[in-house]
Amino acid sequence: MRIESLKWLVCPSPGCAGSLAPSPSFDPRYPNPAQQELTEAVLSCRTCGDEYPVLLGVAVLEVDLGAYLGAFWDEIESCAAELSGLHISREMRTYLGIASAFTGQPGPVTRSPDLQWTTSPYLQAHFDPGSLAGDLAPGWWKSAVDNHVAEKNEPYAWLLTAARERSGGPAGGLAIDVGTSVGRGAAELASLYDYSVGVDRSFRAILAARRHLLGEPCPLETYALETEKGRWEPRTLPQADHPASLDFVVASGAALPLRAGSTSCVAALNVLCAASDPLEMLADFCRVLTSGGTLLLSSPFWSDATPEGETPLAAGGPEYLRKALSPEFEIVAEQDQIPWLLRVAKRRWDVYLCHCLVATRH
Ligand SMILES: C[S@@+](CC[C@H](N)C(=O)[O-])C[C@H]1O[C@@H](n2cnc3c(N)ncnc32)[C@H](O)[C@@H]1O
Ligand SMILES: [Zn+2]
């Protein structure tokens with residue numbers, strides 16, 4: 001976590017929003033003082049005293065930390081196992097009450113290829129789109145993919161162009177990209193706002209975003225594409241710039257670590273459909289946005305993220321979304337059926353036709 005981010009991010013505990021500072025009772029590690037980067041620390045809320053860990057450079061700003069670590073510890077361990085020379089210290093494990101800190105045994109490392117699924121197609125589509133069609137035989141599908149890449153008519157390009165046109169220059173203030181995954185939305189918003197933070201509940205995705213876009217705690221040079229079922233092939237990731245006004249943290253879109261009215265722009269691309277309670281998330285976007293602030297949304301109105309099936313938003317479509325926004329927002333630009341392609345494996349693609357909108361907060 002960038003120390004600079006502590007100027008913008010606060011305690012996510014409901015109704016608190018106290019400022020956060022590295023706890024003096026836990027010696028923070030600054031392996032890279034030039035970058036002012038916290039690699040392992042405990043952040044303490046100056047108002048309510050709640051504490052949040054920074055693990056492998058990723059701040060975990062989750063309200064129910066115990067529940068989060070219970071659900072994600074295997075993923076965190078498996079991320080740590082992939083980073084050579086970096087680990088989660090025994091001191092931190094003891095602080096978190098992780099059993100392996102007391103037994104001397106390594107933690108339960110699960111190297112599930114499923115985890116690659118969560119980041120690799122996104123790394124390819126967002127940061128290496130030229131490779132999407134490279135190996136396709138000539139034909140209608142290759143032409144379709146080539147046109148899609150060349151036209152840049154996809155949700156990120158459409159929404160960022162709309163935001164840029166509306167501001168007519170640098171917009172200033174803070175931008176948040178909710179459900180940022182590997183971080184493209186936050187990275188693009190960094191060129192328009194003073195500071196940009198991507199948040200996601202996936203530890204692995206936030207670590208990948210930090211590694212690729214900030215080079216911290218160590219650069220990400222490859223991603224893995226599933227070629228045939230269960231077979232993975234490493235691909236080189238093109239290098240990214242490392243803007244100084246960008247960071248990524250683990251947090252929930254329904255309990256953002258931000259003060260009320262503190263944020264100039266909230267983006268959530270292809271996220272609301274995956275939320276079990278999209279209205280709760282929209283209410284938090286509304287809370288943190290300043291009056292006149294910009295909301296950028298893309299919705300495929302499809303989600304297989306919840307075991308219960310479709311969420312109310314996914315089932316309700318654009319009409320449901322317009323109604324949910326109407327009391328607090330004015331919709332200023334809207335376009336439906338903007339294509340979005342993910343190459344899940346060599347022979348499997350996901351194609352979504354997204355509904356995109358720009359709204360301003362009353
Ligand atoms: C379909 S992906 C979209 C990723 C990226 N915005 C894009 O368009 O490529 C949805 C992302 O939202 C994240 N997500 C789901 N529920 C969330 C929540 N409550 N808070 C924050 N992130 C969430 C998931 O971890 C996942 O990375
Ligand atoms: Zn607090």
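In what follows, residues are counted from 1 in the order of the sequence shown. Heavy-atom basis, side chains included; hydrogens, waters and symmetry copies ignored. All ligand and atom numbering here is 1-based and tracks the order in the structure.
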Inset, instruction - Pick out which of Leu56, Ile88, Leu86, Val54 makes a side chain to side chain contact (heavy atoms under 4.5 Å, CB included) with Glu40. - result: Ile88
Legend entry - 4.0 Å heavy-atom contact, Ser252 with ligand 1: yes
Legend entry - Polar side chain donor-acceptor pair, Arg164 to Ser191, under 3.5 angstrom: yes
Inset, instruction - Might you work through the side chain to side chain contact (heavy atoms under 4.5 Å, CB included) test for Leu61 and Val199, ending with a clear yes or no? - result: CA-CA 9 Å; Leu61 304 180; Val199 308; over 6 Å; no
Legend entry - Close approach, Val199 and ligand 1, non-hydrogen under 4.0 angstrom: no
Legend entry - Min N/O separation His126 to ligand 1 under 3.5 Å: yes
Legend entry - Sub-4.0 Å atoms of ligand 1 with respect to non-hydrogen atoms of Leu269: 3 (C), 5 (C), 6 (N), 7 (C), 8 (O)
Inset, instruction - Ignoring angles and geometry beyond distance, decide whether Val271 reaches within less than 3.5 Å of ligand 1 through its nitrogen or oxygen atoms. - result: no
Inset, instruction - Specify side chain, backbone, both or neither for Arg184, according to which of its non-hydrogen atoms lie closer than 4.0 Å to ligand 1. - result: neither
Legend entry - Donor-acceptor pair, side chain of Asp200 and main chain of Ser202, under 3.5 angstrom: yes
Inset, instruction - Decide whether Val249 and Val10 are clustered together by the hydrophobic rule: side chain heavy atoms of Ile, Leu, Val, Met, Phe, Trp, Tyr closer than 4.5 Å, transitively. - result: no
Legend entry - Gly253 N/O to ligand 1 N/O under 3.5 Å: yes
Inset, instruction - Taking only heavy atoms of Tyr156 into account, list the atoms of ligand 1 that are under 4.0 Å away from them. - result: 5 (C), 6 (N), 7 (C), 8 (O), 9 (O)
Legend entry - Close N or O approach (Gly179, ligand 1; < 3.5 Å): yes
Legend entry - Salt-bridge contact Arg235-Glu233 (side-chain N to carboxylate O under 4.0 Å): yes
Legend entry - Side-chain donor or acceptor of Ser196 paired with backbone N/O of Ala186 under 3.5 Å: yes
Legend entry - Which residues share a ring-ring contact (aromatic ring centres under 6.0 Å, His included) with Phe203, sequence neighbours left out: none
Inset, instruction - Starting from atom 18 (C) of ligand 1, find the nearest protein heavy-atom neighbour and note its residue, name and distance. - result: Met281 CE, 3.4 Å
Inset, instruction - Could you tell me the residue and atom name of the protein heavy atom closest to atom 10 (C) of ligand 1, and the distance to it rounded to 0.1 Å? - result: Asn270 O, 3.5 Å
Inset, instruction - Starting from atom 25 (O) of ligand 1, find the nearest protein heavy-atom neighbour and note its residue, name and distance. - result: Asp200 OD1, 2.6 Å
Inset, instruction - Give a yes/no on ligand 1: does Ala251 have at least one heavy atom closer than 4.0 angstrom to it? - result: yes
Legend entry - ligand 1 to Thr180 polar contact by distance, N or O atoms, under 3.5 Å: no
Legend entry - Close N or O approach (Tyr122, ligand 1; < 3.5 Å): no
Inset, instruction - Please write down residue, atom name and distance for the protein heavy atom closest to atom 22 (N) of ligand 1. - result: Arg201 N, 3.5 Å
